[in-house]
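Below is one structure, written out as structure tokens, with a few remarks after it.
Quick note: residue numbers are just sequence positions, from 1. When a ligand or atom number is given, it counts from 1 through the structure's own listing order.
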Amino acid sequence: MVKYIFITGGVLSSVGKGVVTSSVGKMLQFRGFTVTAIKIDPYVNVDAGTMNPYVHGEIFVTDDGGETDLDLGWYERFLDINLSKENNITTGQIYQTVIERERRGDYLGKCVQIIPHITDEIKRRIRMVAERSGADVVLTECGGTVGDIEGLPFLEAIRQMRLEEGYENTLYIHVALVPILDVTSEMKTKPLQHSVNELRRIGIQPDIIVARCTKMITKEALEKIALFGTIPKEAVFCSYNVPTVYEVPLILDEQGMGDYICRRLNLMPKQINKHEIERWKSYVNALKNYKYTIRVALVGKYTGLADSYVSMNEAFKHAGAACNTRVIIDYIEAETFEENPEKIDMLKDYDGIFVPYGFGPRGALGKMMAIQFARENDIPYLGICFGFQLAVIEFARNICGLKDANSTEIDERTPHPVVDLMPEQQQIMYKGATMRLGSQKIIIKQGTLAHKLYGTTEIYERHRHRYEVSPKYVEILRKHGLVFSGVSPDGRMEILELPDKFFFFASQFHGEFKSRLGRPSPEYYGFVKACLDRKIGKEKLEI
Ligand code: GLN
């Protein structure tokens with residue numbers, strides 16, 4: 001019998017529900033159970049793909065090409081599983097399906113309503129993920145905050161699931177903020193109490209409460225939460241600030257949360273997975289204790305919101321942990337260089353320059369200036385997706401002499417469209433889910449840096465783009481020394497490198513989406529290693 005755990009949030013959003021959900025999964029994995037995780041996003045968008053990362057945070061791409069909420073990235077990184085687009089449920093998807101059925105006549109004669117038709121569809125999707133994954137435990141995180149109007153049908157559906165699946169097979173975890181007042185240093189539990197009340201009003205009594213606080217909550221605060229939450233003291237836990245989020249499963253387990261969940265769900269620990277616990281602890285240690293530090297300049301345009309680049313940040317941490325190195329990332333707004341070209345000199349103080357994904361013309365020139373600076377000063381460079389395309393354009397302009405070369409995404413009338421809309425994109429009218437998405441095969445050329453980094457000639461990486469290097473310009477770029485060391489079976493340029501540089505590497509794909517603690521993305525690893533080698537004066541990259 002599959003067990004369902006539902007995670008709700010109170011007081012504020014962005015309170016760390018994703019990390020708590022992932023940590024619950026990790027604690028269950030420590031006990032030998034298999035898990036999967038679902039994120040519910042109550043917005044009306046069908047998926048996250050059409051949202052601005054600057055507002056909503058990064059769009060996480062799954063193997064099967066889902067453009068999903070960034071929490072799926074946390075689940076994948078913590079649980080080391082590959083999820084599907086079905087693991088992200090939105091209001092848009094639910095209504096689209098129900099309305100399509102209604103138009104087909106499936107409900108003929110009936111009045112179609114939120115209860116039961118919308119709630120049934122929500123439950124169907126949760127159960128479908130359970131069935132397809134075959135996991136022992138299905139974690140479902142409800143996005144937003146309890147009390148949001150748009151979240152109500154989802155909470156109603158999970159309320160019904162207790163009735164249908166039984167008490168022993170369902171568990172509600174409520175995560176809420178406990179602020180500390182500056183003036184008195186007091187921990188205030190009142191907002192949390194209110195959010196529990198709100199949940200109860202809907203008919204859900206939490207089984208477990210996780211207080212999110214900067215520090216471990218005091219005994220008094222814990223007792224208050226238990227009393228007003230109507231749960232035993234043993235069911236109150238605290239997710240306090242730790243140096244690395246990967247430590248959260250360890251601190252919650254230490255407080256007894258893993259055992260409590262198993263007891264409550266009648267899950268007999270299969271076999272304590274000592275190996276996994278030790279492995280996790282050693283990675284956490286590696287993240288906290290490093291010998292070296294490097295500084296990387298991330299030149300982008302969504303720099304005001306760290307969540308826009310969350311998978312990239314984590315990929316740098318994974319790579320750093322493997323190199324005994326802390327990677328400090330400074331976010332630099334690309335337009336700074338367009339407005340004040342002399343400021344480009346600041347980049348010489350960095351151990352590496354990184355240009356991430358991006359869309360549209362704003363900041364593109366500034367990014368290219370950073371790429372040119374990296375190339376000319378032989379500072380290690382890594383480019384991802386847009387950072388790959390812009391490296392090609394910079395090379396075309398400054399090395400191949402193709403004046404005003406550009407991407408048609410930036411300048412439709414460029415005389416040299418070295419990056420152009422993919423032919424199959426020309427006819428596409430809809431913006432949603434129509435990019436080249438998800439896992440795609442790449443053939444790697446033997447003897448190249450890419451071959452050294454990946455150690456194989458065939459890889460699969462995740463994609464999300466509409467434009468590509470135009471096949472018409474490949475020859476001239478190659479002739480001038482640009483090496484395309486990875487190409488897709490249908491002939492698309494996927495990886496570039498400049499062999500005479502210390503490290504100059506870029507990919508059309510996003511290595512960060514598959515990066516895991518203990519299994520860093522090879523391109524991020526290679527870059528971090530090169531930054532470090534150059535800093536400590538080693539000759540050239542030795543993988
Ligand atoms: N805007 C570019 C494209 O659509 C790059 C996309 C990206 O960086 N993910 O091809």
(Q) One residue to check: Q389. Relative to ligand 1, which of side chain, backbone, both or neither has a non-hydrogen atom less than 4.0 Å away? (A)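 Near ligand 1, Q389 shows its side chain, while the N, CA, C and O stay back.
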- Query: Any heavy atom of E468 sitting closer than 4.0 Å to ligand 1?
  - Reply: no
**Y473 and H416 aromatic ring geometry - parallel, tilted or perpendicular at 30°/60° bounds** =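 It falls in the perpendicular class, over 60°.
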Among protein heavy atoms, which sits nearest to [atom], and what does the distance come to when rounded to 0.1 Å?
atom: atom 5 (C) of ligand 1; result: G358 O, 3.4 Å
atom: atom 4 (O) of ligand 1; result: R466 N, 3.0 Å
atom: atom 10 (O) of ligand 1; result: Y467 N, 2.9 Å

D420 meets the side chain to side chain donor-acceptor pair (under 3.5 Å) criterion, sequence neighbours left out, with T408
Mark yes when over 12 heavy atoms from residues, nucleotides or ligands other than E412 sit less than 6.0 Å from its CD; otherwise mark no. no
In ligand 1, which numbered atoms sit nearer than 4.0 Å to a non-hydrogen atom of [X]?
X: C385; answer: 5 (C), 6 (C), 7 (C), 8 (O), 9 (N)
X: R464; answer: 6 (C), 7 (C), 9 (N)
X: Y357; answer: 7 (C), 8 (O), 9 (N)
X: E409; answer: 1 (N), 2 (C), 3 (C)
X: H510; answer: 9 (N)

Indicate yes or no for a side-chain donor-acceptor contact from [X] to the backbone of [Y] under 3.5 Å, with no hydrogens or angles considered.
X: T325; Y: C323; answer: yes
X: K431; Y: G49; answer: no
X: W280; Y: Y246; answer: yes
X: R397; Y: A405; answer: yes

For K343 and F337 the tightest heavy-atom approach is O-CE2, 3.6 Å
[X], any N or O under 3.5 Å of ligand 1 N or O:
X: Q508; value: no
X: H465; value: no
X: F386; value: yes

Quiz item: Does a donor on one side chain and an acceptor on the other come within less than 3.5 Å for Y43 and D69?
Solution: no
